[in-house]
Asker: 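Following this message is one structure expressed as structure tokens.
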Protein chains: 4
Amino acid sequence: MSPLNRQQLNQIRDERREEIKQAALKVFARRGYTGTKMSLIAKEASISEGLIYRYFNSKKELFSTLIEELMEEARRELEHVQHLPGTPFEQIKNLTENMLDENNKYAFMLIERARKDDDVPENVTRIFEHLPTNGLIDLLVPVFIKGQQSSEFSPGEPRKLLTWYFTIVISLLTQEQEDEEYGLPDVEVLMRILTK
Amino acid sequence: MSPLNRQQLNQIRDERREEIKQAALKVFARRGYTGTKMSLIAKEASISEGLIYRYFNSKKELFSTLIEELMEEARRELEHVQHLPGTPFEQIKNLTENMLDENNKYAFMLIERARKDDDVPENVTRIFEHLPTNGLIDLLVPVFIKGQQSSEFSPGEPRKLLTWYFTIVISLLTQEQEDEEYGLPDVEVLMRILTK
Amino acid sequence: MSPLNRQQLNQIRDERREEIKQAALKVFARRGYTGTKMSLIAKEASISEGLIYRYFNSKKELFSTLIEELMEEARRELEHVQHLPGTPFEQIKNLTENMLDENNKYAFMLIERARKDDDVPENVTRIFEHLPTNGLIDLLVPVFIKGQQSSEFSPGEPRKLLTWYFTIVISLLTQEQEDEEYGLPDVEVLMRILTK
Amino acid sequence: MSPLNRQQLNQIRDERREEIKQAALKVFARRGYTGTKMSLIAKEASISEGLIYRYFNSKKELFSTLIEELMEEARRELEHVQHLPGTPFEQIKNLTENMLDENNKYAFMLIERARKDDDVPENVTRIFEHLPTNGLIDLLVPVFIKGQQSSEFSPGEPRKLLTWYFTIVISLLTQEQEDEEYGLPDVEVLMRILTK
DNA sequence: GATGAATGAGCCTTCATTCAT
DNA sequence: TATGAATGAAGGCTCATTCAT
């Protein structure tokens with residue numbers, strides 16, 4: 001007799017939750033934790049302010065959830081790099097292009113802000129304390145070493161070069177310069193850092 | 001009756017104003033506009049909250065003043081590069097080291113945040129609308145061209161290469177990674193972007 | 001086409017309405033007007049939140065309805081005392097036991113809260129303004145006087161003694177002390193107030 | 001050079017804190033925890049809403065502080081009873097009159113509400129879990145026994161009789177019936193419970 | 001000039017109420 | 001009829017700003 005069955009309701013709930021997360025991602029990424037008003041997220045998601053709280057207990061929880069899920073996603077993507085087709089150079093290039101892609105940009109922007117900003121919920125701070133910046137970098141070290149063996153990459157300490165490289169990549173994508181004159185540097189140019 | 005004459009009072013005022021700006025710079029740079037409470041600035045400057053308002057009408061004005069003065073300072077510094085001793089490569093290298101220096105870092109961090117963040121007073125947003133990122137870059141183009149003529153720098157469109165280069169430098173210094181494993185990339189490595 | 005005829009539907013409606021009132025009584029009595037969330041009533045009645053509004057226009061109306069009906073019920077019960085079997089002493093004792101009985105307790109608790117609490121809808125406040133505490137007491141005065149004539153009750157102003165007595169009885173039953181050491185005072189002890 | 005010295009400031013702070021507690025006591029006692037809006041307390045104290053938060057971190061803390069201090073005060077008063085002049089009967093009578101006094105009334109009302117109401121901060125609930133209603137009663141048992149030995153009080157289990165007696169007294173003073181016809185029962189009448 | 005108490009607008013959050021199904 | 005998702009007004013709390021001293 002129920003107007004919608006349980007499965008339909010669950011699906012609606014999941015979709016709505018996903019919409020809220022997408023909206024929150026966009027706003028948090030641009031404005032940071034404190035600078036983001038729940039009303040802005042609500043407007044971005046085209047829903048009322050109150051509704052957010054049926055899906056997330058608080059602004060803090062919404063933010064944390066986002067960060068945790070994005071971190072996990074990033075980890076999966078980095079792990080996956082070694083299974084991409086092509087040489088190590090092509091694998092890293094592929095990853096870089098992916099990171100700079102419009103669709104993934106917000107995710108990395110937000111992670112970056114969450115890591116750098118001081119005005120972030122304590123539990124989020126703790127996530128990054130336990131995971132050093134370059135923690136995820138280790139997943140790429142084997143790929144890089146293979147590239148060094150095939151002389152695609154320049155010699156030198158792998159973790160160090162990779163860390164520098166991704167420091168640059170990540171900081172670049174927080175720039176939002178699409179509409180400006182030259183856009184982001186070509187990936188090929190960026191990769192000079194690794195290839196000399 | 002007055003124990004201090006007008007000139008001394010003015011000097012005290014100026015010093016106090018400067019202290020407040022220094023404190024504000026530090027806190028704004030780390031926490032952004034919205035994330036910064038006036039009470040934090042007061043504490044950083046070791047004064048009472050109310051006193052700030054004797055020197056600046058509002059948080060917004062304090063922030064704007066800071067940005068405007070830092071922009072002017074940056075402009076002066078860039079203009080001065082061509083008068084530095086040494087070759088164009090050495091001049092740019094010198095500038096870069098200066099930017100990454102601990103003492104100047106906050107200034108560039110703050111400018112960077114002010115330019116990127118969305119939660120910033122409207123009049124500050126307007127400053128950057130009228131001044132494209134690479135507006136200041138034009139000041140360096142003559143130096144770069146001289147370096148190209150002497151083959152210190154790689155050929156290519158000067159504004160484009162310089163823009164990419166400083167995009168990277170500026171975004172790097174917002175990272176605050178002193179305490180981490182590898183620190184910032186060596187300036188020499190960064191300049192590969194310009195020299196190939 | 002309809003599987004139930006109008007009469008059956010009406011009966012269901014009435015039963016449902018009654019269930020909601022019972023649930024509301026329990027929750028309002030324990031938590032007061034402001035402290036009671038509609039969601040708690042819904043849960044207590046094992047129905048959805050929205051459904052309550054098919055039967056009552058608002059929380060306020062639900063509360064008022066409850067109070068009015070309970071007041072009427074109380075009035076009927078007090079009126080009925082004189083027709084109970086036994087002496088005046090036994091009649092009053094019987095009434096007292098009835099009031100302290102687990103099943104009737106919530107009703108008196110709620111009336112008591114509605115009368116004392118300040119955070120109650122205005123129209124409920126008005127009910128009690130027009131009806132002094134001891135308004136209902138008058139119904140018992142004849143019984144009491146009969147008891148005085150038969151020397152069951154001590155001499156003294158009947159309304160005054162009865163008011164004091166029921167002030168005590170009613171305030172006692174708001175105590176909810178079942179789980180504590182001594183429970184409520186014996187009715188016999190309480191009635192010393194009336195018998196000296 | 002400071003306009004007010006530290007001692008003066010501390011005194012102002014203490015007075016203000018006390019004013020807020022007095023106002024809060026009055027409003028909480030009448031309206032309960034949930035039913036009390038901070039704005040009402042502010043109005044009662046003739047200050048702004050925000051100022052309360054310079055003295056108490058939250059509504060919850062204000063409430064808890066109040067309860068804890070009142071409990072401690074009550075304990076002291078009960079302990080003191082045995083040192084009052086007069087016979088045990090007179091000592092208890094004195095205490096009772098004290099409790100029913102207009103000035104102390106709110107304190108007992110609030111304690112009573114805090115103990116009975118369900119919508120109260122968790123830490124307050126815990127205070128009463130660890131301290132049974134009649135926990136404080138034990139302080140009076142020696143006095144009562146002395147009164148039994150001198151035949152001022154009726155025989156019977158002291159804790160039980162005292163508990164019943166104070167259950168009645170406390171619930172009476174929550175009644176707020178000053179303006180009504182008969183006021184509260186005479187203390188002498190109440191004490192019949194103890195003297196038979 | 002300097003302090004910190006005081007104010008009140010605005011943000012996060014809750015919950016009575018409405019609405020689509 | 002029944003459900004629970006959705007809304008928005010209002011309350012708790014923060015913090016930029018003002019003010020008395």
Side-chain angles (χ1 to χ4, degrees), chain A residues 1-6 8-9 12-13 16 34-42 46-62, chain B residues 2-4 9 12-13 16 34-42 47-62, chain C residues 2-4 9 12-13 16 34-42 46-62, chain D residues 1-6 8-9 12-13 16 34-42 45-62:
Chain A
M1 233 19 160
S2 174
L4 289 178
N5 64 35
R6 164 125 358 237
Q8 285 171 311
L9 279 178
I12 288 175
R13 268 194 80 81
R16 190 39 58 103
T34 310
T36 294
K37 308 176 205 174
M38 293 302 265
S39 60
L40 280 180
I41 297 177
S46 305
I47 58 173
S48 71
E49 256 176 273
L51 186 54
I52 299 177
Y53 289 87
R54 281 183 66 88
Y55 295 87
F56 298 91
N57 288 320
S58 64
K59 182 181 178 181
K60 185 172 151 185
E61 185 189 301
L62 173 52
Chain B
S2 169
L4 294 176
L9 279 176
I12 288 178
R13 256 196 88 78
R16 188 44 57 98
T34 310
T36 293
K37 307 177 204 174
M38 293 301 265
S39 62
L40 279 180
I41 297 177
I47 58 172
S48 71
E49 275 177 69
L51 188 53
I52 298 178
Y53 289 85
R54 286 288 208 158
Y55 295 88
F56 298 91
N57 287 320
S58 65
K59 182 181 179 180
K60 187 172 148 184
E61 183 189 304
L62 172 52
Chain C
S2 170
L4 295 176
L9 279 175
I12 289 178
R13 256 197 88 80
R16 186 48 56 99
T34 309
T36 294
K37 307 175 204 173
M38 293 301 265
S39 61
L40 279 180
I41 296 177
S46 306
I47 58 172
S48 70
E49 275 176 69
L51 189 53
I52 298 177
Y53 289 86
R54 286 288 208 157
Y55 295 88
F56 298 91
N57 287 319
S58 65
K59 181 181 180 180
K60 188 172 147 184
E61 184 189 302
L62 173 53
Chain D
M1 233 21 161
S2 173
L4 289 178
N5 65 34
R6 167 131 348 247
Q8 285 172 310
L9 279 178
I12 288 176
R13 268 195 79 81
R16 188 42 57 101
T34 310
T36 294
K37 309 177 206 173
M38 293 301 265
S39 60
L40 280 179
I41 297 177
S46 305
I47 58 174
S48 71
E49 238 174 300
L51 187 55
I52 299 177
Y53 290 88
R54 281 181 67 88
Y55 295 87
F56 298 91
N57 288 320
S58 64
K59 182 181 179 182
K60 186 173 151 183
E61 183 188 303
L62 173 52

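Hydrogens, waters and symmetry mates are skipped; everything else that's a heavy atom, side chains included, is used. On a predicted model such as this, the values are computed, not experimentally measured, just so you know. The chains referred to below are lettered A, B, ... by the order of the sequence lines, with proteins before strands, and numbering in each begins at 1.
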Asker: Can you name the nearest heavy-atom pair linking C/L62 to C/I41, along with the distance?
Answerer: CD2-CD1, 4.0 Å

Asker: To the side chain of B/K59, which of F/dT17, E/dG4, E/dT17 is closest?
Answerer: F/dT17

Asker: Quick check: on DNA chain F, is the nucleotide nearest D/T36 upstream (toward 5') of the one nearest B/K37, or the reverse? Name the residue that is more 5'.
Answerer: D/T36

Asker: Could you check which of F/dC13, E/dC12, F/dT3 has an atom nearest any side-chain atom of C/S48?
Answerer: F/dT3

Asker: Would you kindly give the CZ-to-P distance between A/R16 and F/dG4, to the nearest whole Å?
Answerer: 17 Å

Asker: Where each pair must be Watson-Crick or G-U wobble with both distances under 3.5 Å, what dot-bracket representation of DNA chain F is obtained, with crossing pairs in [ ] and other-strand partners as |?
Answerer: .||||||||||||||||||||

Asker: Expressed in angstrom and rounded to an integer, what is the separation of A/R13 atom CZ from F/dG4 atom C1'?
Answerer: 9 Å

Asker: So C/T34, base contact, sugar-phosphate only, or nothing? Heavy-atom distance under 4.0 Å.
Answerer: nothing

Asker: Please round to the nearest 0.5 Å and tell me the distance separating atom CZ of A/R13 and atom OH of A/Y55.
Answerer: 5.0 Å

Asker: Expressed in angstrom and rounded to an integer, what is the separation of B/M38 atom CE from E/dT7 atom P?
Answerer: 20 Å

Asker: What is the distance from CD1 of A/I12 to P of E/dA20, rounded to the nearest Å?
Answerer: 14 Å

Asker: Scan residues 49-56 of chain D against DNA chain E and write down, sorted by residue number, each residue with any heavy atom closer than 4.0 Å; if none is found, say none.
Answerer: D/G50, D/L51, D/R54, D/Y55

Asker: Separation of B/L40 atom CG from F/dT17 atom C1', in whole Å?
Answerer: 16 Å

Asker: Toward the 5' end of DNA chain E, which comes first, A/S39 or C/N57, by nearest nucleotide?
Answerer: A/S39

Asker: Restricting to non-hydrogen atoms, name the atom on C/M38 and the atom on C/S58 that form the minimum distance, rounded to 0.1 Å.
Answerer: CE-C, 4.5 Å

Asker: Locate the shortest heavy-atom distance separating C/R16 from C/L51; write the atom from each residue and the value.
Answerer: NH1-CD2, 3.2 Å

Asker: Let me confirm one number: the CD-CD1 distance from A/E61 to A/I52, rounded to the nearest 0.5 Å.
Answerer: 12.5 Å

